[in-house]
There are 4 protein chains.
Amino acid sequence: MCRWMAYQGDSVYLESLLFEQEHSLVHQSLSAKKSEVTVNADGFGLGWYDEREEPGLYHEILPAWSDCNLKSLARHIKSGLFFAHVRASTGTATNRSNCHPFSYKNWMFMHNGQIGGYESLRWQLDRLIPEHLYGERQGATDSEVIFLLMIANGLEENPELAISTTLMQILDLMQEKNISEPLRFTSVVSDGKEMIAIRFSSDDRAPSLYYKEFEDHIVVGSEPLDFSHKEWNLVPAGHIAKIKNHTYQIIPLPDTLKMSA
Amino acid sequence: MCRWMAYQGDSVYLESLLFEQEHSLVHQSLSAKKSEVTVNADGFGLGWYDEREEPGLYHEILPAWSDCNLKSLARHIKSGLFFAHVRASTGTATNRSNCHPFSYKNWMFMHNGQIGGYESLRWQLDRLIPEHLYGERQGATDSEVIFLLMIANGLEENPELAISTTLMQILDLMQEKNISEPLRFTSVVSDGKEMIAIRFSSDDRAPSLYYKEFEDHIVVGSEPLDFSHKEWNLVPAGHIAKIKNHTYQIIPLPDTLKMSA
Amino acid sequence: MCRWMAYQGDSVYLESLLFEQEHSLVHQSLSAKKSEVTVNADGFGLGWYDEREEPGLYHEILPAWSDCNLKSLARHIKSGLFFAHVRASTGTATNRSNCHPFSYKNWMFMHNGQIGGYESLRWQLDRLIPEHLYGERQGATDSEVIFLLMIANGLEENPELAISTTLMQILDLMQEKNISEPLRFTSVVSDGKEMIAIRFSSDDRAPSLYYKEFEDHIVVGSEPLDFSHKEWNLVPAGHIAKIKNHTYQIIPLPDTLKMSA
Amino acid sequence: MCRWMAYQGDSVYLESLLFEQEHSLVHQSLSAKKSEVTVNADGFGLGWYDEREEPGLYHEILPAWSDCNLKSLARHIKSGLFFAHVRASTGTATNRSNCHPFSYKNWMFMHNGQIGGYESLRWQLDRLIPEHLYGERQGATDSEVIFLLMIANGLEENPELAISTTLMQILDLMQEKNISEPLRFTSVVSDGKEMIAIRFSSDDRAPSLYYKEFEDHIVVGSEPLDFSHKEWNLVPAGHIAKIKNHTYQIIPLPDTLKMSA
C-alpha cells in the first residue's frame, strides 16, 4: 500500500502541498492514518506539468522525509497539475524503476493498491503488453504493467474505457487462475490537462480516495491533508473523479466492471 | 533517537540476530516500541569483528528493511562480536558518513541519544577534538564527536575513565552555555574483545538499554528482541554493562558524573 | 561493455584481487585497457561462495572506486570462488536489479557483451522465459534474460549444452528479425564448485577473456590484472574455459553454434 | 580536480547547456580534456536562481551521466543564472554533503582545485570558521571551508576583498605549516545577480578557466563546451571574471595576493 496526492489548479510551488500541510504527503510517508501500513518509505516520486508537453519526473529511493533534494526542488518547482507518491513496496525491489509516477509521452500515472496474486500472474500480465510498448517496461511492479495495458487499451483515445477494459482484462485473468485475493486499484492518470482518479476494488475494501475543492485548486489523494478532515469527501468505491479547469465530476465505473468484480 | 543491538558470544551468522528474531533490529527499524520515535529509517550500519584486528563495516542510507545487500551480507557474514544500528536522525543529513558504528583502529562505537543543544555547541565540541584525531571527523553528528573525545580522553588505556571524562567534559560545556536540554547517552564501545555498554542521561529519562544472557552468547540493545521480554533485564540508568567471554558485569558510573549531571 | 573477473583457488580475502593488483578490477572500473569503453562506472557487483550453498551477493550503483563499503567488505570477506563485475550500461538503467552477478539457487552468472538489437528483441526474449522462472526476472538487462534462458535450457543438468542451446536460440531470433548487429558474449557461470567461462561472438570481435594459473589459484577475466601481461593467456574466441580444483581445460564450443553464428 | 560551468544570460532550459553541447559538462564527467583526471564521477551538483531569493539545489552521488533525474530536471528547469559541477574527489567521501555547489542565503559557490596539504590543515582551517557560521559546515571538503571563510571575510559586503583575504589567510596557514604543495583555486561565486569567477594558483599551474560570450548569454567554465574552442578565451591566472547582465570584465587579483603566493 502506498499514499499519493494529485493537484490541479493555479500554479503553485510544490512545497505548499508537499511540506506545508498539517498531514502532507511527506508527513504521510512517516505516519499514514488511513491504511494498515503506516510507513511509506520504499522510495517516492514526483511528476509535474509545465510548459513542456511531457511531465517532469523525479524518483528517489530514499524516504521522502530524508531527501534534501526534494526539499529544494519542492521550493523551486511550480506547477498547476502535479502528482506525488510515497511507496510502501508489496514485494518488488526498492529502486527508481519501481517508483511512481510512471509516464508515457504526455501521460502520467500513479497507483495505490495491488493485483491479487501478482507474483503468479506476472508472466501472463507481461505477455499482454504489446510489442511496441514493451520497451517502456523498466521495472517489475504491477502498477507499471497496469499503466502499459491502459495505454494498449486506448488510454490516449478514451481513458475511461481504457481503464475499465484494463481492469476487466486483469479480473478475467485472476478468475482464470482462481486468484481469491482482490484487485485493489486507487489511481490517477493525466494527460497534462485533465486528471482522472479512480477508486475501485474487486472486494468491498477499496483503498481510500479523498478530494477537496479549494478556492483556486482541487486536491485528490489517499488521505486528507489536514487532521480536521473538514470538507474532504470520499470518492465512492467504483467511481471516477474527473478533474479539469478547477472543476470536478464524480461518475460511476461501468456496470460491466462491477459485475466482473 | 535510534535503535541498536550488540552481540558477544559464539560465532553466528548475523541474520540469526538481525532478521530471525521476532522483534529484530530490522523489525525495530520499522516499528520500535520503547521510544517515542517508532521509525528508524535514516540509514543504518553494521560492524563486526573477525580474524582481522579492525572491524568490518557496512553503512547504508536506505532503511534497513529495504536493503537487499543487508539480507545477503547478514546470511553470509559470521561473527562472535558485532554491532548493528538503525538511525533516526535528530537533524544531521542522511549520508553514510553520519551512520553508526564509527570506528578507530580496532575500536568501534555506536550511540542512541543526543547532546542537548548540539547545534549551538558544535563549534565548541569540534574544537575539543585534538589535531591528531581531527582527520577522523567524517560527518557532522554529535555521536561521532563524542567518540573522538572518548579516544582523546584515553579510551585505549582506560575506557571507563575515558567515557566518564568525556561525559563530564560535555556536561561542563552544556552548563557553561546554559543548555537546559539533557545529555542522553546509551552507547556501546568495543575493542574487539570486550563490549562496554553505557546507559546514562543527565535527566531521569535515560534511553532504554536491555541485556539478556543466552546459553552461548549475550545480547545488549535498545529493546528486547522478542515481545515476551522474558529474561531481558534493564541496565539501570547511570550504569555500565561490561561484557566479555560470555560473562557480564553491571557497575555504576562514577559518582562525580552523577553529581555533574 | 563491462569488465569482470572470477577467482577459483585457495580461500583469500577479496581485496587481494579486487584492490591490491596493479590493474585490479577496481582500477579497470576507472580505466579499462582492452575495450573501447574505458569507464565502467554504472554500478558493480560481487558474488562469493562460502559455507552456504547459495552465493553471497553485493550490488551497488556507485562506481566501484568510490564505495567505502566495498573496501571494507573486500578486506573482511574470504572466498575460494568469487565473481566481481563493473558495469558500463549499454542502455538500461543504473539500478541494483541490473547489476551482475545474477544468481539462482546455488548458481551465479555474469556477462560482458550484448545481444545485438536487444531493444527490438526484448519482447520476444522475455516471452521465451518459462512461467516457473519468470518471478526471477528483476531487472531489464539482456544479461539477466540470457541467464534465465540458460536455466530453462538445462543449466543445472548440462551447463555446456545449456549455454550453446541458449546462444543458438538467441541467434535464431536475431536472424528471424534480421538483426545485423552481433551477439557478443564473454561470460562465466558457476555452481559453487566449477567455473565455466565462455568467449563467444557471432562476429570476429569477441570481447577479450584472459586467464592465468597461479600457484594456488586461477583467475579468469576481461583483462590481465597487471600491466606486464606475463603468463596471461587469451581464451580463443568460440571456446570455453572450465576451471575446477585449481585446474583448467580449454574446449571449443559446439560446431553447430559456430555455423549458426 | 573537478569540472564546472556557470551560465548567465537569458533564461534557458538547463539541458541546453548540460546535455546538448558537444562537450557538455555531462560529457566532461566521463572524459574531461583539460585536466589530468579525465573522469569526474564522484557526485555532481546543480544550483540555479529563479524567482526565489535563494538558489535551488540538486546534489547526487551518482555519476552525472547515469542519473535519470538529472535528465528530466534539466529538461524542465529554466534559469538565467545557474551553476553545474561534476566532482572528482581528492580524498573526501562521495556523499551529497561533499557535493558542490555550496550555498548560503542567496549566495552560491563551487570550486575546482585544492588546498595543498589539506588533511594536515583541516584542524586549523575549521577553527577559523566563526561560531555563527559553524552550523553551515555539513561535509568535510576543503571547498566548503573556503566558502565559509569567504563569508566570514565579508563576501556579502565586498566579494573581491573577501576572496583575496580568504586566499591570503589560507596561504599564510600553509606557509606556517611549511606546506609545499600549491593552493589551486578556480572557482565561481554568485549572489544571484552577478557571477565572480576566479582563476588562481600559488604555483604556475592554475586550473583552466574559459569563458565565451554568446548573443544572449555568457558561459564560464573549466573547459570549452565544444571541440573547436572557437571564441573560447582563457581567463589569465591570477584574474577574476566579473559577469553580470550579459557583460563581463576581466580584472587582476590584488598584488598582495600574488606576492603572498
Side-chain angles (χ1 to χ4, degrees), chain A residues 11-16 18-20 43-64 66-85 95-108 136 138-139 144 192, chain D residues 11-16 18-20 43-64 66-85 95-108 136 138-139 144 192:
Chain A
S11 185
V12 291
Y13 285 115
L14 273 48
E15 75 168 359
S16 66
L18 294 183
F19 286 95
E20 292 171 359
F44 70 91
L46 289 183
W48 66 98
Y49 292 97
D50 50 25
E51 292 161 34
R52 299 268 197 199
E53 200 167 297
E54 95 277 5
L57 291 171
Y58 178 65
H59 295 132
E60 182 52 87
I61 55 173
L62 288 174
S66 75
D67 180 35
C68 52
N69 287 324
L70 178 61
K71 283 200 192 71
S72 188
L73 293 172
R75 264 187 77 72
H76 287 271
I77 293 172
K78 269 178 150 173
S79 173
L81 200 170
F82 65 90
F83 287 11
H85 186 277
N95 69 41
R96 289 184 185 173
S97 306
N98 287 342
C99 287
H100 307 227
F102 300 97
S103 74
Y104 175 76
K105 296 179 186 171
N106 62 316
W107 289 81
M108 187 156 72
E136 305 291 324
Q138 298 300 318
E144 190 187 33
Chain D
S11 185
V12 291
Y13 285 115
L14 272 49
E15 75 167 359
S16 65
L18 293 183
F19 286 94
E20 291 171 0
F44 70 91
L46 289 183
W48 67 96
Y49 291 98
D50 50 25
E51 293 161 33
R52 297 269 196 199
E53 200 167 297
E54 94 278 5
L57 291 170
Y58 178 65
H59 295 132
E60 183 51 88
I61 56 173
L62 288 174
S66 76
D67 180 35
C68 52
N69 287 324
L70 178 61
K71 283 201 191 71
S72 189
L73 293 173
R75 263 187 77 72
H76 287 272
I77 293 172
K78 268 178 151 173
S79 174
L81 200 168
F82 65 89
F83 287 11
H85 186 278
N95 69 42
R96 290 185 184 172
S97 305
N98 287 340
C99 286
H100 307 227
F102 301 97
S103 76
Y104 176 76
K105 296 180 186 170
N106 62 315
W107 289 81
M108 188 156 71
E136 304 292 323
Q138 297 300 317
E144 190 188 33

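Residue numbering restarts at 1 for every chain, and letters A, B, ... go by the order of the sequence lines.
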Tell me, please, which residues at least two apart from D:Tyr58 pass side-chain hydrogen bond (donor to acceptor under 3.5 Å, both in side chains).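 Counting only residues at least two positions away or on another chain, D:Tyr58 forms a side-chain hydrogen bond (donor to acceptor under 3.5 Å, both in side chains) with D:Asp67.
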Go through the structure and list residues passing side-chain hydrogen bond (donor to acceptor under 3.5 Å, both in side chains) with A:Glu53, not counting sequence neighbours.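 Here no residue qualifies.
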Does anything in residues 97-106 of chain D reach chain A? List residues with heavy atoms under 4.5 Å apart, or say none.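 So far as heavy atoms go, nothing in residues 97-106 of chain D approaches chain A to under 4.5 Å.
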The criterion is salt bridge (Lys or Arg N to Asp or Glu O under 4.0 Å); which residues satisfy it with D:Lys78, sequence neighbours excluded?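 Applying salt bridge (Lys or Arg N to Asp or Glu O under 4.0 Å) to D:Lys78 gives A:Glu51.
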Should D:Leu57 and A:Leu73 be marked as a side chain to side chain contact (heavy atoms under 4.5 Å, CB included) after you check the CA-CA gap, both sets of side-chain angles, and the distance that decides it? CA-CA 7 Å; D:Leu57 291 170; A:Leu73 293 172; over 6 Å; no
Quick one: closest heavy-atom pair of D:Ser72 and A:Pro55, and the distance?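 Minimum heavy-atom contact is OG-O, 4.3 Å.
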What distance do A:Trp48 atom CH2 and D:His76 atom NE2 have between them, rounded to the nearest 0.5 Å?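 Answer rounded to 0.5 Å: 6.5 Å.
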Using side-chain heavy atoms (C-beta onward) and a distance below 4.5 Å, is D:His59 in contact with A:Cys68?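 They are not in contact (no side-chain heavy atoms under 4.5 Å apart), so the answer is no.
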A:Arg75 side-chain N/O to D:Gly56 backbone N/O, donor-acceptor pair under 3.5 Å: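 No, the answer is negative, given that no donor and acceptor are paired below the 3.5 Å cut-off.
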Would you confirm whether A:Asn69, through its side chain, and D:Glu60, through its main-chain N or O, come within 3.5 Å as a donor-acceptor pair?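 Flag not set: sc A:Asn69 to bb D:Glu60 has no pair under 3.5 Å.
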